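Scroll down for the structure; my scribbles are underneath it.
As the structure is a prediction and not an experimental result, all values here were calculated from the model.
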Amino acid sequence: MAAVLVAVGAVTAALIVFLGGPTTGGEPGPRGLSARSSAVQEPDCAENEPITETLGNGSAWTMCWRVDHNAGLVLEDVSFAPAGHAPLQVLASLTLGQLEVPYDTGLRNTEDITSQGFGGRSMLTLTARSCGGERLTTPVPTIGDGSVGSVEPREVLCRETVDGGISYHATGEEPGDEPLVERRTDLRLSTISKVGWYEYVTQYTFGADGSITPELGATGDLSPADYTDAAHGWAVGEGDHDHAASHSHNVVWKMHWALGGRGGQRVEQYDAADTDEMGPKSRVVSGSLTGIGREDTRTMTDRRWWRVVNPDRRNDDGHPVSYEIDLGASSSFTFTRDDGHEHGGYDIAFTEASDCELFATANRDGHCGRGVPDYVADRQELDDVVAWVAIGFHHVPRDEEQSPMESHWQGFTMIPRDVTATRPDAPPSRETVNGSPPPAE
């Protein structure tokens, strides 16, 4: 419970009940993510001043941040307070787990997180043009992890409040009524790292709705050392002579979950499939949840998503608090190399937290294994859950990418599922809407 942020002015015992923590006798507290102030006390961060942001709808995010010489930007103790509610810790940490770039020619493959790193000298100092918001400073080593060489303070983190678009739009109940409509603001954090000819934007968007969207943007230049034939690339420049090699950007994100605190987390997979039954208007589709009780890797298919759930934390409707992991469309990939041996591909994996399981591939701490397939091999029971999400992008070059190339993006979304009983920022006329409406008169 130490990492849970306490609402300003809230009674400690009330907050424990809100989070489903122990009450008298050690029994789980009563259900209910009841409405309270969403003002939050800043977390105690080890390296930098915490980030605390209250968005336009009254919801708030708080978190710690630091720069790791391998992974680059690391976010820790991430908590969300829905508008009018007390805060809930969501993640213990969020970071990149690997970036692998294999070329279609088979002649080159890089593991940029573990070989060159996104921190240190690879992380670029931001300018007013590269950051439209506030630029935050942290000490960055000039060599490696800072054990040798010097450390210099640099502006490397961009903190922006951005327009998140239409939050909701609901037509009036009577003809001529004004629609209920609101736009939203989101918190966006980003850094830029230069690895080889590419420059990567590590970006995390924290939505007013409680969503978290990790993305990696790639820009910079096409590699001048990787030109090939038409079968393995695309003609750029005059005529049909110079073919820039196609390649993949295989990104893995690592999320250490802590819904209401570390431990007690469960994982479930949702699938919906057509049945043989035909209804009056369309085919019947049946959906269900399947528990994933032990470490495993899974692949994406249509109408499938996963959720991390804490069964001891419930909203006012009695539903367990969870976060859905939605991969959307992705170029599935097979990891090309991991310290000399190949691994099969996966879209998402779940492992039990371990201090030495740091990277998705090329993990240097040998007794933990060299990558995710090694981590899941012993099939530990899941309780303190880490999720590894693999999102691929097959990059076929084009003329317009000379030079510099337009940013291209890959990522996924995590959204709250039953964190509150109803939308926390509902307009007054909709505050009582919950469940099936009564029959129309």
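Within the 4.5 Å cutoff, no side-chain heavy atoms of H232 are placed close to those of H243. Looking at V252 and Y346, their side chains come closer than 4.5 Å, going by heavy atoms from C-beta outward. No side-chain heavy atom of F359 sits under 4.5 Å from any side-chain heavy atom of E111. Inter-residue side-chain proximity for T202 and L216 is flagged as met; some heavy-atom pair is nearer than 4.5 Å. Side-chain atoms of I51 and R159, non-hydrogen and from C-beta on, do get closer than 4.5 Å to each other. Inter-residue side-chain proximity for E76 and L91 is flagged as unmet; no heavy-atom pair is nearer than 4.5 Å. Within the 4.5 Å cutoff, the side chain of L94 has no heavy atoms near those of the M63 side chain. Counting heavy atoms from C-beta on, the side chains of V140 and T125 never come closer than 4.5 Å.
S130 contributes atom OG, which lies 7.0 Å from atom CZ of R135 (distance to the nearest 0.5 angstrom). In this structure, D312 CG and R266 CZ are separated by 8.0 Å, a value rounded to the nearest 0.5 Å. Separating the CZ atom in R121 from the CD atom in Q116 is a distance of 14.0 Å, to the nearest 0.5 Å. One finds the OG1 atom of T290 at 8.5 Å from the CD atom of E268 (value rounded to the nearest 0.5 Å). Note: Y204 OH to W253 CH2 = 7.5 Å, rounded to the nearest 0.5 Å. Rounding to the nearest 0.5 angstrom, the gap separating the CG atom in D209 from the OG atom in S59 is 8.5 Å.
Taking the six-membered ring where tryptophan is involved, the planes of W305 and Y270 are essentially parallel, since the angle between them stays under 30° and well short of 60°. Ring pair H249/Y200 is perpendicular by interplanar angle, where above 60° counts as perpendicular and below 30° as parallel. In this structure, Y198 and H408 have perpendicular ring planes: the angle between them is above 60°, well past the 30° mark. Taking the six-membered ring where tryptophan is involved, the planes of F350 and W306 are tilted, since the angle between them lies from 30° to 60°.
With hydrogens and angles ignored, the 3.5 Å screen pairs a side-chain donor or acceptor of N315 with a backbone N or O of D418. Judged by distance alone, with hydrogens and angles left aside, the side-chain atoms of T137 form no donor-acceptor pair with the main-chain N or O of P153 at under 3.5 Å. Checked by atom type and distance alone, the side chain of Q265 pairs as donor or acceptor with a backbone atom of G263 at under 3.5 Å. One N or O on the side chain of T219 and one on the backbone of M405 form a donor-acceptor pair closer than 3.5 Å. Without hydrogens or angle criteria, D399 side chain to G237 main chain gives a donor-acceptor distance under 3.5 Å. Between the side chain of R313 and the main chain of V321, no donor-acceptor pair closer than 3.5 Å is present. A donor-acceptor contact shorter than 3.5 Å links the side chain of Q410 to the backbone of I391. Under the 3.5 Å distance criterion, the side-chain polar atoms of E352 are matched with a main-chain donor or acceptor of D384. Side chain of H247 to backbone of A245: a donor-acceptor contact under 3.5 angstrom is found. Formation of a donor-acceptor pair under 3.5 Å by the R314 side chain with backbone atoms of P311 is found in this model.
With a 6.0 Å radius and a threshold of 12 heavy atoms from other residues, nucleotides or ligands, D302 has its CG atom at or below the threshold. Crowding of E49 atom CD: a count of heavy atoms from other residues, nucleotides or ligands under 6.0 Å not exceeding 12. Atom CD of E400 sits in a crowded spot, with more than 12 heavy atoms from other residues, nucleotides or ligands closer than 6.0 Å.
Taking each heavy atom of A71 and T95 in turn, the nearest pair found is CB-OG1, 3.3 Å. Closest approach of P82 and V419 over heavy atoms only: CG-CG1, 4.1 Å. Smallest separation of non-hydrogen atoms from D68 and N70: OD2-N, 2.9 Å. Closest non-hydrogen pair, S246 versus P397, comes out as OG-CD, 3.6 Å. Taking every heavy atom of both residues into account, E401 and L222 meet most closely at OE1-CD2, 4.1 Å. A pairwise comparison of heavy atoms in G133 and E160 identifies N-CG, 3.6 Å as the closest pair.
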Item to complete: Would you sort out whether M123 and V67 count as a side chain to side chain contact (heavy atoms under 4.5 Å, CB included), showing the intermediate values?
Response: CA-CA 9 Å; M123 184 167 284; V67 173; 3.8 Å; yes

**Item:** Stepwise side chain to side chain contact (heavy atoms under 4.5 Å, CB included) test for N48 and R66
**Value:** CA-CA 7 Å; N48 298 299; R66 61 183 176 86; 4.2 Å; yes

- What's the verdict on side chain to side chain contact (heavy atoms under 4.5 Å, CB included) for W65 and T191, showing C-alpha distance, side-chain angles and the deciding distance? CA-CA 12 Å; W65 71 282; T191 60; over 6 Å; no

Item to complete: Check the pair M255 / V78 against side chain to side chain contact (heavy atoms under 4.5 Å, CB included), numbers first and verdict last.
Response: CA-CA 11 Å; M255 294 81 63; V78 178; over 6 Å; no

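A side-chain donor from one of T142 and S150 sits under 3.5 Å from a side-chain acceptor of the other. Side chain to side chain, Q98 and T361 meet the donor-acceptor criterion of an N or O pair below 3.5 Å. Side-chain N/O atoms of T161 and E53 include a donor and acceptor closer than 3.5 Å.
With respect to D274 and R303, a salt bridge is recorded, a charged nitrogen being found less than 4.0 Å from a carboxylate O. The existence of a salt bridge linking R423 and D425 is confirmed by a sub-4.0 Å separation between a basic side-chain nitrogen and an acidic carboxylate oxygen. Ion pairing of D347 with R298 is absent here, as no side-chain N (NZ or NE/NH1/NH2) approaches a carboxylate O to less than 4.0 Å. By the 4.0 Å N-to-carboxylate-O rule, D276 lies too far from R283 to be salt-bridged with it.
Checked against side chain to side chain contact (heavy atoms under 4.5 Å, CB included), I415 has the following partners two or more places apart in sequence or in another chain: S211, E324, T413.
Sorted by first and then second residue, the salt bridge (charged side-chain N to carboxylate O under 4.0 Å, His left out) pairs with a member in residues 215-229 read R108-D226; sequence neighbours excluded.
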